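Report on the structure given below.
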2 protein chains.
Amino acid sequence: MSDLLERLRGRGWRMTAQRRVVAEVLDGEHVHLTADEVLARATARLPEISRATVYNTLGELVTLGEVTEVTTDGRAKRYDPNAHRPHHHLVCSRCGAIRDVHPDGDPLADLPASERFGFTVSGVEMTYRGLCPDCS
Amino acid sequence: MSDLLERLRGRGWRMTAQRRVVAEVLDGEHVHLTADEVLARATARLPEISRATVYNTLGELVTLGEVTEVTTDGRAKRYDPNAHRPHHHLVCSRCGAIRDVHPDGDPLADLPASERFGFTVSGVEMTYRGLCPDCS
DNA sequence: GTATTGACTTGGACCTGGTCCATCGTAGGA
DNA sequence: TCCTACGATGGACCAGGTCCAAGTCAATAC
């Protein structure tokens, strides 16, 4: 994720300890943390970081397209740093575990014009539901 | 939706004025109301109905499989009475308008075993995003 | 190296959506 | 018509998130 820090700097982002820590916490594959989890992990590294800053920073990362928001349960939003590789999600209905998945085909092409109702369709999110190995 | 009332009675549901009003408010196609909107419309017909009752009743309808919960924006859940005809949703990114849509193909079949990570996959939700005619 | 300044951070108040619970009311069976 | 268990009520409470005035500091200019 150090290339993320580079990209952000290149965009004129003012680099602060808080922002660096939030970006570092989001590093990795299959990371889908809630804002509170990000706060907890960030606090472990930088105890005086505030909740508002975590929310601000996450919001900026989303606006910049570096991170996507995922809502799988109507409760806390989750933040997915894997924004440059399009993918969908597979969620365990029991324990909430989340995996990134890459289905075959192009779901956008599967929506015929007659089902678009004049909308300009730009994207699609798919959430597969099921039971993970531990829960089934 | 009077057949809904019949089905509920058949399942031993105790019929009260409040439950009847909530069920009636959810009648129709392309209805995607938030709990607060349901409460507002129910209050118009039955002024003394309480918020807790609306939440309770919506929860029961969901449990019974008569209504599905839809979360399109991480804010308020929406309640979709069109639960017996499987479908997905098309959402305007600007104004939040929602349409039911029926894409071609079978998205479940598009998730190969190698992308299932041992999950027992049982369903999928698709949310198409775009701009509605009024907003584009 | 220092001064400057506007962007960033802070903590606490506040908001929205939702849940819980003790108490009261009533649908529907006997 | 009476009884009673199930349902309704409203107000407290909770989680997740946003807002704001005041203080802090990264980056630029010198």
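Proteins come first, then strands; the chains are lettered A, B, ... in the order of their sequence lines, and each starts at number 1. Since we're looking at a predicted model, the values are computed, not measured. The basis for the numbers below is simple: all heavy atoms, side chains too, and nothing from hydrogens, waters or symmetry mates.
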Subject >> the helix from C:dG1-D:dC30 to C:dA30-D:dT1: angle between end helix axes, five pairs per end, rounded to 10 degrees >> reply: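 The angle separating the two end axes equals 30°.
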**OP:** Could you tell me which residues satisfy side-chain hydrogen bond (donor to acceptor under 3.5 Å, both in side chains) with A:Arg75, sequence neighbours excluded, listed by chain and number?
**Re:**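 Here no residue qualifies.
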**OP:** Only counting residues at least two apart or in another chain, list the ones meeting side-chain hydrogen bond (donor to acceptor under 3.5 Å, both in side chains) with A:Ser50.
**Re:**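 Residues passing side-chain hydrogen bond (donor to acceptor under 3.5 Å, both in side chains) with A:Ser50: A:Thr53.
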Subject >> A:Cys95 to A:Cys92 - nearest heavy-atom pair and separation >> reply: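 Nearest heavy atoms, A:Cys95 then A:Cys92: N-SG, 3.4 Å.
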In the hydrophobic clustering (ILVMFWY, side-chain contacts below 4.5 Å, transitive), which residues join [X], or is it alone?
| X | answer |
| --- | --- |
| A:Ile98 | A:Val91 |
| A:Leu131 | none |
| B:Val121 | A:Leu90, A:Val101, A:Leu108, A:Leu111, A:Phe117, A:Phe119, A:Val121, A:Val124, A:Met126, A:Tyr128, B:Leu90, B:Val101, B:Leu108, B:Leu111, B:Phe117, B:Phe119, B:Val124, B:Met126, B:Tyr128 |

Original post:
Does the side chain of B:Asn82 pick up a donor-acceptor pair with the side chain of B:His30 at under 3.5 Å?
Top reply: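 B:His30 and B:Asn82 do not have a side-chain donor-acceptor pair below 3.5 Å.
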Original post:
Residues two or more places apart in sequence or in another chain: which of them pass salt bridge (charged side-chain N to carboxylate O under 4.0 Å, His left out) with A:Arg99?
Top reply: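 Once residues adjacent in sequence are excluded, A:Arg99 has no partner under the salt bridge (charged side-chain N to carboxylate O under 4.0 Å, His left out) criterion.
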**OP:** Name all residues meeting the salt bridge (charged side-chain N to carboxylate O under 4.0 Å, His left out) criterion together with A:Glu125; count only those two or more places apart in sequence or in a different chain, and write none if there are none.
**Re:**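 Partners of A:Glu125 under the salt bridge (charged side-chain N to carboxylate O under 4.0 Å, His left out) test: B:Arg129.
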Subject >> Gap between atom NE2 of B:His102 and atom CZ of B:Arg85 - 0.5 Å precision >> reply: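 Answer for the CZ-NE2 pair, B:Arg85 versus B:His102, is 6.5 Å.
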Original post:
For DNA chain D, which nucleotides open and close the run of contacts to chain A, 5' to 3', at under 4.0 angstrom from a non-hydrogen atom?
Top reply: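 From 5' to 3', the first and last contacting nucleotides are D:dA15 to D:dA27.
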**OP:** Could you note down all residue pairs passing salt bridge (Lys or Arg N to Asp or Glu O under 4.0 Å) where residues 104-115 of chain A supplies at least one of them, sequence neighbours left out?
**Re:**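 For residues 104-115 of chain A, and leaving out neighbouring residues, there are no salt bridge (Lys or Arg N to Asp or Glu O under 4.0 Å) pairs at all.
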Original post:
What is the ring orientation for B:His32 with B:His89, classed by angle as parallel under 30°, tilted 30 to 60°, or perpendicular over 60°?
Top reply: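 Aromatic pair B:His32/B:His89 classed perpendicular.
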Original post:
Taking the nucleotide of DNA chain C with the closest heavy atom to each, which residue, B:Asp36 or B:Thr16, is nearer the 5' end?
Top reply: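 Residue closer to the 5' terminus by nearest nucleotide: B:Asp36.
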Subject >> 5' priority, DNA chain C, between B:Met15 and B:Ala35 [closest heavy atom] >> reply: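 Here B:Ala35 is the residue nearer the 5' end.
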Original post:
Is the closest basic N to carboxylate O distance between A:Glu60 and A:Arg11 below 4.0 Å?
Top reply: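 Answer for the salt bridge query: no.
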Subject >> Residues from residues 41-55 of chain A lying under 4.0 Å of DNA chain D - heavy atoms >> reply: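 Close to the strand are A:Arg51, A:Ala52, A:Tyr55.
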Subject >> Boundaries of the chain B footprint along DNA chain C (any atom under 4.0 Å from a heavy atom) >> reply: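 The contacted stretch runs from C:dT16 to C:dG28.
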Subject >> Closest-nucleotide 5' rank along DNA chain D - winner of A:Ala17 and A:Asn56 >> reply: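 Nearest-nucleotide comparison on DNA chain D picks A:Asn56.
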